[in-house]
2 protein chains.
Amino acid sequence: MDVSHLFSGVLSGNRRHLAKSITLIESKKETDKTKASELLTMIMPYTGKSIRIGISGVPGAGKSTFIEALGKFIISKGHKVAVLAVDPSSQISGGSILGDKTRMEELTKEENAFIRPSPSGDSLGGVARKTREAMLLCEAAGYDYILVETVGVGQSEISVANMVDLFTLIQLPNAGDELQGMKRGIMEMADIILINKSEAENRSKAEIAKKQIEFALHLTISKNELWNCEVMLVSALTGYGIKEYVEKIEDFINKMKASGIFYDKRGEQNISWMWSHIMDTMKDNFISNNRVKGVLKEFQEKVREGKINPTIAGEELLKCFYSSIK
Amino acid sequence: MDVSHLFSGVLSGNRRHLAKSITLIESKKETDKTKASELLTMIMPYTGKSIRIGISGVPGAGKSTFIEALGKFIISKGHKVAVLAVDPSSQISGGSILGDKTRMEELTKEENAFIRPSPSGDSLGGVARKTREAMLLCEAAGYDYILVETVGVGQSEISVANMVDLFTLIQLPNAGDELQGMKRGIMEMADIILINKSEAENRSKAEIAKKQIEFALHLTISKNELWNCEVMLVSALTGYGIKEYVEKIEDFINKMKASGIFYDKRGEQNISWMWSHIMDTMKDNFISNNRVKGVLKEFQEKVREGKINPTIAGEELLKCFYSSIK
């Protein structure tokens, strides 16, 4: 299918064309890469109009069920919802933690929903780049809410927090518990923390968890002077709190837009995306360079054992690299 | 002064030679850089034997006074102490947050102490590299405790945490207070948290702060499965708790050495130092490349405004760079 055909398909909101376009940007074939660049250039003027929301939480927190309930609610308000996933486990372990997106059976049936599993890739950087580009394609196709799901167990939250307008963390009503299993530092990136599974019978436990989390947040400075992280109770099962969560999202977005922070942040995200791409590419070029490859292992071992100064080892490797591309 | 002269001076523990050697590695002159490389290569076999401790805290937490008291205690036990500083504010604002190291008047008088202020540099990466190299020189000069001081207000803590064996955060006895001013995520890097200014009259406030911090830590997973962050009360003024802190350091180091984590961590730190140097250098080369310089600003603005896809802008800039060095 040629690029202009895909382009008009995406713009008209055709889900099949959108899916094919995302497959194109995920492709590693050189001819596809050229086509993908063309397509991305063509859609740029039609991007940027959605609200981009990151959603993370440990396995078992009920992310998928929650996203399904949230997606249906947003659609019922007249919006279009795209769900993308960043799951580096899918290429590291061979198995995906987030699992098969088709679990979201009800949301899949909605005409105004588009669901796409995590792209495969060699690195988190690659997965993140593809997800960002998929996000732009979804925007061009008219999706005005983009939900980016990720698992709360590693570096992927930082990537996702850096590509969205608002980052949400899903917790369970047992905050003090070791099972909460949230890595340090991840809670600190959240704009909103949801305590899921807050059905009536868990409500008092959930209220305690809310107070504990609020207290822990209070010990540290907010990352945003116009917004203190909000802790809210929800239930994906009963729909409890979902309306309030969506209102809080709107409140956040309105405040950020009014202050200009919204646009500044997107601008900064774009710049840092460009630099990540440049530096990731240079590192790839460096590592796959034949002359570097020939000596890298030896240098790394000497550096690890403290037999050579790391700066000096770095200088030697840089000489190998630059001399071979001249 | 020639390199072999500096080398033997450093090895014999001569403080004047040590100071000159650090000045050499901080120099930007090309001839000095060659000499610095030679010197660093020569000292490598004599490095690695110290305990490297990072100490951070907000301005006003009493870091310098505490380090002075700590240094004197360690010296009284028959050790040699070097104090280095990482203070990126010294080149960003022109003024240094950590201020004049000569404030440590009593420690300066000790024969077994060596105190060096933060090097100047264009970037935190540069400052960190120089501090790492200064640390190696101090080790070669027989300093067996290296204290690296930094301010708890930015990225410098991450740099310091990545160059030491144990990271300590100094807090005040008003944990719940906004004045605590600690950026989110920094508390999470600490192996030991000290509540300073815990003199008798502040003891009950300090005990409450300790409990609050312990509770907040409990909500997150420890970064090290063999060690839970310890919260301890100290007073730089009266010396309260300093002996116990040093014993805790020894306990930590012994546990980490016994498990092998100590050596693994140092190996990993060396590797990541090498890679930081490679990537920082490549980024410097990239930014200062004339062909890139000519178009970078324009591309950055277009990227910021969402007029060009960041990946595509990155590709174009990479083409400029590589074509000009061929």
Side-chain angles (χ1 to χ4, degrees), chain A residues 37 40-41 44-45 47-48 129 132-133 136 175-176 178 180-185 187-189 212-213 215-216 218-223 266-268 270-271 273-279 281-283 285-286 299-300 303-315 317-318 322 325-326, chain B residues 37 40-41 44-45 47-48 129 132-133 136 175-176 178 180-189 212-213 215-216 218-223 266-268 270-271 273-279 281-283 286 299-300 303-315 317-318 322 325-326:
Chain A
S37 277
L40 287 169
T41 301
M44 277 314 277
T47 62
R129 181 180 62 73
R132 282 184 158 115
E133 291 174 352
L136 297 179
E178 292 287 339
Q180 204 69 359
M182 195 48 59
K183 261 202 158 176
R184 289 183 181 169
M187 201 164 75
E188 284 72 12
M189 297 188 304
Q212 290 180 329
I213 291 171
F215 175 76
H218 176 64
L219 290 179
T220 56
I221 297 175
S222 176
K223 65 175 181 173
R266 282 207 173 172
E268 288 308 315
N270 284 343
I271 300 263
W273 170 6
M274 182 189 85
W275 279 110
S276 301
H277 181 70
I278 291 171
M279 298 314 291
T281 305
M282 286 179 93
K283 190 163 185 179
N285 295 341
F286 190 88
F299 271 112
Q300 292 221 85
V303 164
R304 191 190 301 276
E305 292 164 14
K307 287 182 181 158
I308 183 171
N309 183 289
T311 304
I312 293 170
E315 286 295 328
L317 288 167
L318 282 162
Y322 282 125
I325 57 172
K326 256 179 191 151
Chain B
S37 276
L40 287 169
T41 301
M44 277 315 276
T47 63
R129 181 180 62 71
R132 282 184 157 116
E133 292 174 353
L136 297 180
E178 291 288 338
Q180 205 69 359
M182 196 47 59
K183 259 201 160 178
R184 288 182 181 171
I186 292 176
M187 202 165 74
E188 285 72 13
M189 298 189 304
Q212 290 180 330
I213 291 171
F215 176 75
H218 176 63
L219 290 179
T220 55
I221 296 175
S222 175
K223 65 175 180 172
R266 283 206 172 172
E268 287 308 316
N270 284 343
I271 299 264
W273 170 6
M274 181 188 87
W275 279 109
S276 301
H277 180 70
I278 291 171
M279 298 314 292
T281 305
M282 286 180 92
K283 189 163 185 178
F286 190 88
F299 270 111
Q300 291 221 87
V303 164
R304 191 189 301 276
E305 291 164 14
K307 286 182 181 159
I308 184 171
N309 184 289
T311 304
I312 293 170
E315 285 294 328
L317 288 167
L318 282 163
Y322 282 125
I325 57 172
K326 258 179 190 152

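None of the values given here were measured: they were computed from a predicted structure. Throughout, protein chains are lettered first and strands after them, A, B, ... in sequence-line order, and every chain is numbered starting at 1.
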So which of A/L40, A/I312, A/V303, A/T311 has the largest heavy-atom pair count under 4.5 angstrom toward chain B? A/T311
Which of these passes side chain to side chain contact (heavy atoms under 4.5 Å, CB included) with A/M274: B/E315, B/R304, B/Q300? B/Q300
Test B/N309 against every option in A/L136, A/T41, A/T47 by the side chain to side chain contact (heavy atoms under 4.5 Å, CB included) rule and name the one that passes. A/L136
Best-contacting candidate, A/N285, A/I308, A/I271, against chain B by heavy atom pairs under 4.5 angstrom: A/I271
A/M282/B/L318 under side chain to side chain contact (heavy atoms under 4.5 Å, CB included): CA gap, chis, key distance, verdict: CA-CA 8 Å; A/M282 286 179 93; B/L318 282 163; 3.6 Å; yes
Closest heavy-atom contact between B/N270 and A/P310? O-CB, 3.6 Å
Part of A/I325 lying under 4.5 Å from any heavy atom of chain B: both
Taking side chain as everything from C-beta outward and backbone as N, CA, C, O, which of these in B/L317 sits under 4.5 Å from a heavy atom of chain A? Side chain, backbone, both or neither. side chain
Does B/R129 have any salt bridge (charged side-chain N to carboxylate O under 4.0 Å, His left out) partners at least two apart in sequence or in another chain, and if so, which? B/E133
Please round to the nearest 0.5 Å and tell me the distance separating atom OH of A/Y322 and atom OG1 of B/T281. 8.0 Å
Going by the rule side-chain contact (heavy atoms from CB on, under 4.5 Å), which residues pair with A/S276 if we only count those two or more places apart in sequence or in a different chain? A/D280
If we only count heavy atoms from C-beta on, is the A/W275 to B/K283 side-chain gap below 4.5 Å? yes
